[in-house]
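The block underneath contains the structure these notes are about, expressed in structure tokens.
Reckoned from all heavy atoms, side chains included, excluding hydrogens, waters and symmetry mates.
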Amino acid sequence: AALTQKWRSVGMVNRSLMAVKKNTIWAIAKEIMTAFPAATVLVADQKDMSKAGRIEFLRRIQTTNPSVVLMTHGAFRRIRLPIEAEMAGISATMLRFERAQSALLESGSRGADVKTLGKKISDLSRRMERLVEGQDKAGADLSLAQLGIGALLYDEAQALKNLQVITAEPMLGIPTSSSMRAEDAL
């Protein structure tokens with residue numbers, strides 16, 4: 001919390017967003033307000049991040065210019081990325097999978113690994129199609145890029161550790177599947 005206020009005082013960022021655990025959100029808010037009485041803290045509660053209140057809350061972030069926005073990890077996941085950024089991320093992942101699949105095919109492998117990569121590529125392709133189809137429907141929501149957030153602090157970042165690693169052979173301790181939370185953070 002002190003770091004966000006220092007950044008703001010030297011002009012590095014205008015507003016910061018902190019994603020924290022649900023059971024610590026109010027303690028962190030109190031700590032910031034006690035240590036920095038001039039700071040404006042905006043805390044997202046469950047009502048704010050419900051489907052009905054989300055747009056209003058995100059507009060409040062834009063218009064009230066808080067020093068720090070506090071929200072839970074779950075609430076942070078509900079803020080969508082710009083469609084272009086999400087599509088670029090999916091395209092990059094698809095390209096990695098296609099290259100890995102080509103390398104396996106060139107090495108003469110025709111087993112389950114090739115089929116698994118093919119399935120993952122088709123899953124990503126369907127996900128991209130859903131993004132394009134839902135673009136108009138999701139157009140009313142604000143994206144993370146439109147909020148003017150200069151810094152993002154994610155408490156308990158070990159929750160983001162399960163990002164998939166593509167390997168020729170499965171290895172103990174290396175995740176062969178990815179968590180959505182880790183993909184969203186990437």
Side-chain angles (χ1 to χ4, degrees), residues 3 13 15-22 25 44 46 49-51 54-55 57-58 61-62 69-186:
L3 184 62
V13 298
R15 68 181 71 112
S16 302
L17 188 147
M18 293 178 68
V20 299
K21 290 171 60 176
K22 188 191 300 190
I25 193 165
Q46 282 185 317
M49 293 313 284
S50 68
K51 193 170 188 175
R54 187 175 13 228
I55 294 172
F57 180 77
L58 296 177
I61 292 172
Q62 277 186 315
V69 178
L70 282 173
M71 61 179 54
T72 63
H73 296 137
F76 176 67
R77 286 190 66 201
R78 289 189 203 102
I79 301 174
R80 69 176 184 84
L81 290 173
I83 299 269
E84 301 79 29
E86 200 163 347
M87 299 222 359
I90 292 171
S91 295
T93 304
M94 281 177 63
L95 184 62
R96 280 190 344 207
F97 286 160
E98 287 167 353
R99 286 181 181 158
Q101 188 179 37
S102 295
L104 283 172
L105 288 171
E106 287 175 13
S107 70
S109 178
R110 302 262 186 255
D113 295 334
V114 175
K115 290 179 184 177
T116 301
L117 285 172
K119 183 181 179 330
K120 290 181 184 207
I121 292 167
S122 65
D123 289 347
L124 287 171
S125 179
R126 280 194 298 276
R127 186 170 156 198
M128 195 178 276
E129 288 170 10
R130 283 194 306 269
L131 268 177
V132 171
E133 290 169 4
Q135 194 168 3
D136 296 331
K137 185 173 66 176
D141 282 351
L142 290 168
S143 70
L144 188 61
Q146 296 167 315
L147 297 179
I149 303 292
L152 170 65
L153 289 86
Y154 199 96
D155 189 30
E156 305 286 335
Q158 72 269 18
L160 309 175
K161 69 180 179 359
N162 291 329
L163 194 60
Q164 182 175 15
V165 177
I166 303 168
T167 62
E169 294 182 24
M171 297 169 65
L172 190 61
I174 307 273
T176 56
S177 62
S178 184
S179 72
M180 278 306 288
R181 187 184 299 175
E183 281 187 22
D184 289 346
L186 182 63

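Closest heavy-atom contact between Gln101 and Val114: NE2-O, 3.2 Å. Between Ser16 and Leu153, the shortest heavy-atom contact is CB-CD1, 4.5 Å. The two residues Leu147 and Ile61 make their nearest non-hydrogen contact at O-CG2, 4.0 Å. Scanning both residues, Met94 and Ser125, for their nearest heavy atoms gives SD-N, 4.0 Å.
Taking the six-membered ring where the residue is Trp, Tyr154 and His73 present parallel rings, their angle staying beneath 30° rather than reaching 60°.
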| Verdict with reasoning, Ile79 to Phe57, per side chain to side chain contact (heavy atoms under 4.5 Å, CB included) | CA-CA 11 Å; Ile79 301 174; Phe57 180 77; over 6 Å; no
| Arg126 and Asp123: side chain to side chain contact (heavy atoms under 4.5 Å, CB included), yes or no, with the steps? | CA-CA 5 Å; Arg126 280 194 298 276; Asp123 289 347; 2.3 Å; yes
| message | The test is side chain to side chain contact (heavy atoms under 4.5 Å, CB included); show your working for Arg99 and Arg96 and say whether it passes. | response | CA-CA 5 Å; Arg99 286 181 181 158; Arg96 280 190 344 207; 5.9 Å; no
| task | Step by step, work out the side chain to side chain contact (heavy atoms under 4.5 Å, CB included) result for Val132 and Met87. | result | CA-CA 9 Å; Val132 171; Met87 299 222 359; 3.6 Å; yes
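Atom CD of Gln62 sits about 9.5 Å away from atom CD1 of Ile149, to the nearest 0.5 Å. Summarising the geometry, atom CG belonging to Leu144 is positioned 9.0 Å from atom CG belonging to Leu58; distances are rounded to the nearest 0.5 Å. The NZ atom of Lys120 lies 9.0 Å from the CG atom of Leu124; values are rounded to the nearest 0.5 Å. Taking CG from Leu104 and CG from Leu117, the interatomic distance works out to 6.0 Å, rounded to the nearest 0.5 Å.
Taking the side chain as every heavy atom from C-beta outward, Leu17 and Met71 approach each other to under 4.5 Å.
Glu98 places no side-chain N or O within donor-acceptor distance of the main-chain N or O of Ile121, the cut-off being under 3.5 Å.
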